[in-house]
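For reference, the structure is listed below as structure tokens.
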Amino acid sequence: MFFNGWENLFRTLIVGLLAYVVLVIFLRLSGNRTLSKMNAFDLIVTVALGSTLATILLSKQVALAEGALALGLLIFLQFAITWLSVRKRWVKKLVTGEPLMLLYRGEFLTQALHKARVTQDEVRAAIRSNGLSSVSAAHAVILETDGSLSVVKESDEHDHSSLKDVRHSSQ
């Protein structure tokens, strides 16, 4: 229960070291995007990579070569999907979703809040964390595809081009 022998410890040490090196090499080859926390899809890939690495380390039934192939496959699929999502809007929309406006011109968009399962208190907290003292000082609050809340401050300028692709609750 507490100790299964030196052979198991030696295997974990050697396979762990090699699997870690393989993972680092694959991640460096695939680019920075592979481990970025850009959206739910990227988070799922990151968790899957961690789970695969743990399985390689602890399961005698998984050979290092099989584990390396699994890591490579996950990284390749993530690379392929993100490559496609940059080139095909429908893939991007399918994989990452769209940002959603929760507050517009100081008014809470109740339907959007319910759909996103976000409370008015959470929106107010985002407004405060951006240094604004009132809801009316926010032109818009957007739930981004990575789950964060962005606050666009009210200004004298009427160019709100950063809101171009943000979906309103009525859409």
Side-chain angles (χ1 to χ4, degrees), residues 1-102 112-119 121-130 141-152 162-167 169 171:
M1 181 165 142
F2 294 107
F3 183 73
N4 287 333
W6 292 106
E7 182 182 325
N8 291 337
L9 291 179
F10 185 68
R11 181 206 174 275
T12 301
L13 178 69
I14 298 301
V15 170
L17 261 165
L18 294 173
Y20 182 79
V21 168
V22 166
L23 181 58
V24 169
I25 290 170
F26 284 174
L27 291 175
R28 293 302 304 147
L29 291 173
S30 67
N32 294 338
R33 170 68 192 254
T34 304
L35 283 182
S36 65
K37 188 184 126 290
M38 297 186 80
N39 55 54
F41 173 73
D42 295 319
L43 176 64
I44 290 167
V45 171
T46 303
V47 170
L49 287 170
S51 176
T52 302
L53 181 61
T55 301
I56 296 166
L57 286 171
L58 299 175
S59 177
K60 289 182 185 179
Q61 288 78 28
V62 178
L64 179 60
E66 295 169 331
L69 178 62
L71 291 171
L73 178 63
L74 285 170
I75 291 170
F76 170 77
L77 290 173
Q78 199 269 352
F79 179 86
I81 294 295
T82 55
W83 186 88
L84 278 172
S85 71
V86 169
R87 288 156 180 78
K88 302 288 183 189
R89 185 163 175 75
W90 69 269
V91 174
K92 180 183 184 295
K93 188 175 178 180
L94 179 71
V95 172
T96 63
E98 295 178 298
L100 180 63
M101 191 167 315
L102 303 176
L113 288 167
H114 290 301
K115 181 177 182 174
R117 296 180 315 278
V118 175
T119 66
D121 289 340
E122 290 169 316
V123 173
R124 284 189 197 94
I127 292 169
R128 286 191 304 273
S129 70
N130 276 271
V141 175
I142 296 99
L143 177 63
E144 301 292 354
T145 59
D146 68 355
S148 64
L149 295 176
S150 294
V151 177
V152 178
S162 68
L163 301 177
K164 179 183 172 224
D165 294 328
V166 178
R167 186 167 41 101
S169 63
Q171 294 179 335

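The first residue of the sequence shown is numbered 1, and numbering continues consecutively from there.
Summarising the geometry, atom CD belonging to Glu144 is positioned 10.0 Å from atom CG belonging to Leu100; distances are rounded to the nearest 0.5 Å. With rounding to the nearest 0.5 Å, the separation of CG in Leu143 from CG in Leu113 is 9.5 Å. With rounding to the nearest 0.5 angstrom, the CD1 atom of Ile25 is 11.5 Å from the CG atom of Leu71. Atom CD1 in Ile44 sits 12.0 Å away from atom CG in Leu49 (nearest 0.5 Å). With rounding to the nearest 0.5 angstrom, the CG atom of Asn130 is 11.5 Å from the CZ atom of Arg128.
Contacts of Phe3 classified as ring pair (Phe, Tyr, Trp, His ring centres under 6.0 Å), with partners at least two apart in sequence or in another chain: Trp6. Residues that satisfy the side chain to side chain contact (heavy atoms under 4.5 Å, CB included) test with Leu57, not counting sequence neighbours, are Leu53.
Scanning both residues, Arg117 and Glu122, for their nearest heavy atoms gives O-OE1, 4.2 Å. Counting all heavy atoms, side chain and backbone alike, Leu102 lies closest to Ala116 at CD2-CB, 4.1 Å. Ala68 approaches Val22 most closely through the heavy-atom pair CB-CG1, 3.8 Å. For the pair Ile142 and Pro99, the tightest heavy-atom approach, listed with the atom from each and the gap, is CG2-CB, 3.6 Å.
Listed for the Thr96 side chain is no donor-acceptor partner under 3.5 Å among the backbone atoms of Lys93. In this structure a side-chain-to-backbone donor-acceptor pair under 3.5 Å is present from Thr55 to Ser51.
Judged as a side-chain hydrogen bond (donor to acceptor under 3.5 Å, both in side chains), not a single pair has a partner in residues 11-20 (not counting sequence neighbours).
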>> Quick one, Leu64 with Ile56, criterion side chain to side chain contact (heavy atoms under 4.5 Å, CB included). Give me CA distance, side-chain angles, the key distance, then yes/no.
In response: CA-CA 7 Å; Leu64 179 60; Ile56 296 166; 4.2 Å; yes
> Taking it one step at a time, do Thr119 and Asp121 satisfy side chain to side chain donor-acceptor pair (under 3.5 Å)?
Replying inline: CA-CA 5 Å; Thr119 66; Asp121 289 340; 5.0 Å; no
>> Quick one, Val95 with Leu84, criterion side chain to side chain contact (heavy atoms under 4.5 Å, CB included). Give me CA distance, side-chain angles, the key distance, then yes/no.
In response: CA-CA 10 Å; Val95 172; Leu84 278 172; over 6 Å; no
> Run the side chain to side chain contact (heavy atoms under 4.5 Å, CB included) check on Val86 and Thr82 step by step: do they pass?
Replying inline: CA-CA 6 Å; Val86 169; Thr82 55; 5.6 Å; no
>> Walk me through whether Ile75 and Leu23 qualify under side chain to side chain contact (heavy atoms under 4.5 Å, CB included).
In response: CA-CA 9 Å; Ile75 291 170; Leu23 181 58; 4.2 Å; yes
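Around the CZ atom of Arg87, the shell of radius 6.0 Å holds more than 12 heavy atoms that belong to other residues, nucleotides or ligands.
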